[in-house]
Amino acid sequence: MIMTQVSPQHIRAARERIAGKVERTPTVLSQNLSERFGVPVHLKLEHRQTTGSFKLRGASNAVASLNAAEKARGVIAASTGNHGRALAHAAKLEGMRAVICMSHLVPGNKLDEIRRLGAEIRIVGNSQDDAQQEVDRLVAQEGLVMLPPFDHPDIIAGQGTLGLEMIEQVPDAALMLVPLSGGGLAAGVTAAVKGVSPRTKIVGVSMARGAAMKASLDAGRPVPVEELPTLADSLGGGIGLDNRLTFAMCRDLLDDVILLSEDEIAAGIRHAYEREREIVEGAGAVGIAALLAGKVNANGPVVVLLSGRNIDMNAHRKIVCGEAPSLKEHAA
Ligand SMILES: *Cc1c(COP(=O)(O)O)cnc(C)c1O
């Protein structure tokens, strides 16, 4: 038995805690991809989750796990967008204060949504690390409770509830493709799935531009990477040089990691729209993109996790029309 710090029991408890606060999203068979690859290819439509990404699972579980004194202090996080939005939503449900810190790389559409949910926003610097420094300052100064985007047991357990659903919906899954950034999603999903179905292979997918977890796994320890604009903006940022949980869990539980070019990610977004009629953001399209790029060895039922849909619609329009939007414009 592989030792991890987030157990299947922890994930089942999370599922009970967040029941009624998050959607159980559907899994559908992709006719097109199944024919193309000669194996059943299922799409887990988690981009349809409330707030537009799976991040609501971890945020809801972490917020619901706070005690009354912590709830009174309010929560704070650094986020490239989807965690901030999810945390703002979860805090609002509990009537709590939420402060979200982010860098200038965050797309404007994500900002507006967080503001609409009533959270306070601070924009600082040009990287996730700069945003994190502002969080540390406010935790010290104002006593807010930090709930980080991925490296926290209650966040990982919440994301793991997605893994439970995926293996229940496709019990004979031979392979799951999971978007990978800080690794909270991959850690939770692998802990949940391997606890039920140890033979199911789980592969993380990142963009080649600034793949922090992949670089860290190769180095054998968390390493810094330069954060670059990418179509998969939700996958940007480092894993934290003092990473406590997700690095070890990804190292021990993930079967492989695939990296994709920007063109490959664009092709994934386009396929999702034209063939599956789904609007997904770059990070949400990497599983499809990995299949289309021929980077996956599929010899049994596949589950592709579509993780989010919070893409700027002008950028989306350009991508599906075959015009690659300039990355700078996309990230503006
Ligand atoms: C955060 C996010 C990811 C990656 O999750 P990690 O836990 O950081 O690995 C993937 N897709 C979307 C849409 C996200 O918001």
Side-chain angles (χ1 to χ4, degrees), residues 6 25 44-59 61-62 77-87 89 100 102 106-107 109-110 113-114 128 147-163 176-192 202-207 210-214 216-217 222 225 227 230-240 243 245-247 249-251 253-254 257-258 260 265 268-269 272 278-290 304-312:
V6 175
T25 51
K44 172 65 165 165
L45 306 182
E46 182 69 9
H47 61 299
R48 297 191 193 167
Q49 184 58 256
T50 308
T51 72
S53 83
F54 71 89
K55 291 281 197 326
L56 188 63
R57 295 174 184 265
N61 185 49
S79 171
T80 53
N82 285 338
H83 174 63
R85 181 167 168 177
L87 192 60
H89 180 96
I100 309 299
M102 52 188 100
V106 171
N109 64 312
K110 295 192 172 183
E113 201 48 44
I114 292 170
Q128 187 76 358
L147 290 177
F150 51 86
D151 200 24
H152 184 291
D154 296 328
I155 299 284
I156 296 169
Q159 321 306 30
T161 63
L162 187 46
M176 293 182 177
L177 298 174
V178 178
L180 175 65
S181 176
L185 175 61
V189 167
T190 49
I202 305 179
V203 172
V205 190
S206 301
M207 69 291 168
M213 183 61 83
K214 170 72 171 145
S216 299
L217 292 172
V225 294
E227 194 175 334
T230 165
L231 287 175
D233 54 87
S234 292
L235 301 185
I239 69 164
N243 188 291
L245 296 168
T246 61
F247 171 73
M249 289 180 75
C250 287
R251 180 194 60 203
L253 295 171
L254 270 181
V257 176
I258 292 170
L260 298 173
I265 296 168
I269 295 172
E278 301 291 342
I279 294 170
V280 294
E281 59 176 283
V286 295
I288 290 177
V304 181
L305 171 54
L306 310 190
S307 56
R309 68 171 172 200
N310 295 325
I311 185 169
D312 178 274

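In this chain, residues are counted from 1 in sequence order. We count ligands from 1, going down the list as the structure has it; atoms in each ligand are counted the same way.
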Please confirm whether Ser181 comes within less than 3.5 Å of ligand 1 when only nitrogen or oxygen atoms on both sides are compared. yes

Option set Arg309, Lys55, Arg85, criterion heavy-atom distance to atom 15 (O) of ligand 1, minimum: Lys55

I'd like to know if the side chain of Asn243 reaches the main chain of Leu245, judged simply by a donor and an acceptor atom lying under 3.5 Å from each other, with no hydrogens or angles considered. yes

Looking only at N/O atoms, are Gly182 and ligand 1 under 3.5 Å apart anywhere? yes

Sub-3.5 Å N/O-N/O distance, Gly308 and ligand 1: no

Does ligand 1 come near enough to Gly284 that some N or O of the ligand is less than 3.5 Å from an N or O of the residue? no

Ligand 1 versus Thr246, non-hydrogen atoms closer than 4.0 Å: side chain, backbone, both, neither? neither

Report yes or no: do Asn82 and Glu281 form a side-chain donor-acceptor pair below 3.5 Å? yes

May I ask you to decide if Gly84's main-chain N or O and Ser79's side chain share a donor-acceptor pair within less than 3.5 Å? yes

Has the side chain of Ser181 got a donor or acceptor atom that lies under 3.5 Å from a matching backbone atom of Leu235? yes

Counting only nitrogen or oxygen atoms and a 3.5 angstrom limit, does Leu185 reach ligand 1? yes

Arg48/Glu278 salt bridge by N-O under 4.0 Å criterion: yes

Once you restrict to heavy atoms under 4.0 Å, what part of Asn82 touches ligand 1? Side chain, backbone, both or neither. side chain

Hey, are the side chains of Arg57 and Glu46 touching, using non-hydrogen atoms and a 4.5 Å cut-off? yes

Have a look at ligand 1 and work out which part of Gln159, if any, has a heavy atom under 4.0 Å from it: side chain, backbone, both or neither. neither

Any donor-acceptor N/O pair, Asn310 side chain to Thr51 backbone, under 3.5 Å: yes

